[in-house]
Amino acid sequence: MSEFTVRRATAEDAPRLTRLVRTSGAYRGDYAPMVEGYQVGGTYIEHHRVFVAVGADGRVVGFYVLLVEEAELDLAFVADSAQGLGVGRLLMEHMTEQAGAAGLRTVRVVAHPPAEEFYLRTGAVRTGTVRPTGHIYWERPELRYDIA
């Protein structure tokens, strides 16, 4: 994991983060409508705690968004080419550190169904299910990270 670092995102990262979301292999097939046309904007990045994982070559390989006021993980993505390299675990460890520094006791996650196992492996516990709404027509697991 030492080949990756985490830094605060800037508005200049917006196109890279949008590309990570739109090209995620986890959102193909039935899940494609969830990210179709999705955009991570510069204003969004400037107003929220958005952090990116960067490889030794300077390439952004993942990111997460912690909404402090809502105590919720809004987004978390790792490039398909970087999955299995510890990037996601690094990001979740960083997220829980940031949550603790912000005084949060828990962080809620409404997960993409295929990502549930990842969140469980990185310390989240399942708390329920979120019913389908809007263009999302499948149930989503609801989880929680307890912050030490």
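One is the number of the first residue; the rest follow in order along the sequence.
- Between H94 atom NE2 and L66 atom CG the span is 10.5 Å, to the nearest 0.5 Å.
- Across every non-hydrogen atom of A26 and H112, the tightest pair is O-NE2, 2.7 Å.
- Here the CZ atom belonging to R7 is positioned 4.0 Å from the CG atom belonging to D13, to the nearest 0.5 angstrom.
- Under a hydrophobic clustering in which Ile, Leu, Val, Met, Phe, Trp and Tyr are joined whenever their side-chain heavy atoms come within less than 4.5 Å, directly or via other members, V78 and L120 fall into the same cluster.
- Under a hydrophobic clustering in which Ile, Leu, Val, Met, Phe, Trp and Tyr are joined whenever their side-chain heavy atoms come within less than 4.5 Å, directly or via other members, Y64 and V110 fall into different clusters.
- Under 3.5 Å, the side chains of T122 and Y145 contain a donor-acceptor pair of N or O atoms.
- The backbone N or O of V40 lies less than 3.5 Å from a partner atom in the side chain of T18, making a donor-acceptor pair.
- For F77 and Y38, the ring centers sit 6.0 Å or farther from each other.
- Taking every heavy atom of both residues into account, T43 and H47 meet most closely at O-ND1, 2.8 Å.
- Contact between A111 and R140 at its shortest, heavy atoms only, is O-CB, 3.3 Å.
- Atom CZ of R105 has 12 or fewer neighbouring heavy atoms from other residues, nucleotides or ligands inside a 6.0 Å radius.
- A distance of 12.0 Å separates CD1 in I45 from CZ in F51, rounded to the nearest 0.5 Å.
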> When you look at T23 and D80, which way does the side chain to side chain contact (heavy atoms under 4.5 Å, CB included) test go after all the steps?
Replying inline: CA-CA 8 Å; T23 62; D80 291 351; 5.9 Å; no
> Can you list the steps and then say if M92 with L73 is a side chain to side chain contact (heavy atoms under 4.5 Å, CB included)?
Replying inline: CA-CA 10 Å; M92 291 306 97; L73 180 67; 3.9 Å; yes
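- Residues P113 and Y31 meet the side-chain proximity criterion, which asks for heavy atoms closer than 4.5 Å.
- The two atoms that bring V61 and L20 nearest to each other are C-CD1, 4.2 Å, heavy atoms only.
- Expressed to the nearest 0.5 Å, how far CZ of R49 lies from CG of D74 amounts to 14.5 Å.
- The structure places CZ of R22 at 9.5 Å from CD of E36, a figure rounded to the nearest 0.5 Å.
- Using a 4.0 Å cut-off between charged side-chain N and carboxylate O, E70 and R108 make no salt bridge.
- V130 and V107 are assigned to two separate hydrophobic clusters, defined by single-linkage of ILVMFWY side chains at heavy-atom distances under 4.5 Å.
- Looking at every heavy atom in both residues, R89 comes nearest to R121 through NH2-O, 3.3 Å.
- Put simply, CD on Q39 and CG on L17 are 11.0 Å apart, with the number rounded to the nearest 0.5 Å.
- Contact record, G62 with L91: C-CD1, 3.8 Å, taken as the closest heavy-atom pair.
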